[in-house]
Amino acid sequence: MAIEQYWGTGRRKTSVARVRIIPGGEGGILVNKKPIEEYFDRSDHVQAARRPIEHVERTGEFAVHVNVRGGGNTGQAGAISHGLARALVKADESLKPPLKKGGFLTRDPRMVERKKYGQKGARARFQFSKR
């Protein structure tokens, strides 16, 4: 007997999250086999990751399992949010308009700008000395 489950891939900065939601689950979110509160040390990251499911008011209806890698905590929280929104749309197509309006289905295109040669950083220059 196959378990009904839906997958969504989320990306943010250099982080990639594979999100699996199972309808009728216990309602918890596991990130890399740990509870979300244990995985993220800051509460704003936990809130950011949970935002799509709270936005559509389906908090206790799904068990959420996430594999996330790459980047830092903020990027990973954003990737989880993006992947969770995509998985929710696969589970129930009627959730697409509110999630799209909330901006959860749009991948954040901002990336770190590369360091240029002959410079200190992406935009920062070495100090100029006239004499």
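Residue indices begin at 1 and follow the sequence shown.
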Review point. How far apart are the C-alpha atoms of E37 and R50, what are their side-chain angles, what is the distance that settles it, and do they pass the salt bridge (charged side-chain N to carboxylate O under 4.0 Å, His left out) test?
Key: CA-CA 11 Å; E37 294 84 7; R50 280 193 176 140; 2.3 Å; yes

request  = Kindly indicate, with the supporting measurements, whether the criterion side-chain contact (heavy atoms from CB on, under 4.5 Å) is fulfilled by D92 and R58.
outcome  = CA-CA 11 Å; D92 185 359; R58 298 280 182 100; 3.0 Å; yes

Exercise. Report the C-alpha separation of L88 and Y6 in whole Å, then their side-chain angles, then the decisive distance to 0.1 Å, and conclude whether the side-chain contact (heavy atoms from CB on, under 4.5 Å) test is met.
Key: CA-CA 8 Å; L88 285 167; Y6 303 94; over 6 Å; no

Stepwise, does the side-chain contact (heavy atoms from CB on, under 4.5 Å) test hold for K13 with Q76? CA-CA 8 Å; K13 292 185 170 186; Q76 287 188 351; over 6 Å; no

Let me see the working for V56 and L99 under side-chain contact (heavy atoms from CB on, under 4.5 Å), right down to the final yes or no. CA-CA 7 Å; V56 293; L99 287 170; 3.8 Å; yes

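Between A49 and L84, the shortest heavy-atom contact is O-CD2, 3.6 Å. When all heavy atoms of G8 and A87 are compared, the pair lying nearest together is N-CB, 3.8 Å. When all heavy atoms are compared, the tightest approach of L30 to P35 is CD2-N, 3.8 Å. Closest approach of G70 to S15, counting heavy atoms only: O-OG, 2.8 Å. Across K116 and E113, no two heavy atoms sit closer than the pair NZ-OE2, 2.6 Å. Taking both residues in full, the closest heavy atoms of M111 and T14 are given as CE-CG2, 4.3 Å, listed atom of the first, atom of the second, then distance.
Scored by the ring-ring contact (aromatic ring centres under 6.0 Å, His included) test, F104 finds H55 as partners (sequence neighbours excluded). With sequence neighbours excluded, the residues that form a ring-ring contact (aromatic ring centres under 6.0 Å, His included) with F40 are H45.
With contacts defined as side-chain heavy-atom distances shorter than 4.5 Å, the pair R11/T9 qualifies. No side-chain heavy atom of R12 sits under 4.5 Å from any side-chain heavy atom of H82. Using a 4.5 Å heavy-atom cutoff, the side chains of Y39 and V68 are in contact.
Interatomic distance, I53 CD1 to E61 CD, rounded to the nearest 0.5 Å: 8.0 Å.
No more than 12 heavy-atom neighbours from other residues, nucleotides or ligands sit within 6.0 angstrom of NZ on K34. Counting non-hydrogen atoms of other residues, nucleotides and ligands closer than 6.0 Å to CD of E54 gives a total above 12. The neighbour count for K115 NZ, taken as heavy atoms of other residues, nucleotides or ligands under 6.0 Å away, is above 12. Within a 6.0 Å sphere centred on CZ of R125, heavy atoms belonging to other residues, nucleotides or ligands number more than 12. Within 6.0 Å of CZ in R69 there are 12 or fewer heavy atoms belonging to other residues, nucleotides or ligands.
Under the 4.5 Å side-chain contact rule for hydrophobic residues, V64 and L105 share a cluster.
No donor-acceptor pair closer than 3.5 Å links the side chain of K130 to the backbone N or O of F128.
Screening I80, D41, I36 for a side-chain contact (heavy atoms from CB on, under 4.5 Å) involving V46 leaves a single residue, I36.
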What side-chain donor-acceptor pairs closer than 3.5 Å can you find for residues 18-25, not counting sequence neighbours?
from	atom 1	to	atom 2	distance (Å)
R20	NH1	Q5	OE1	3.0

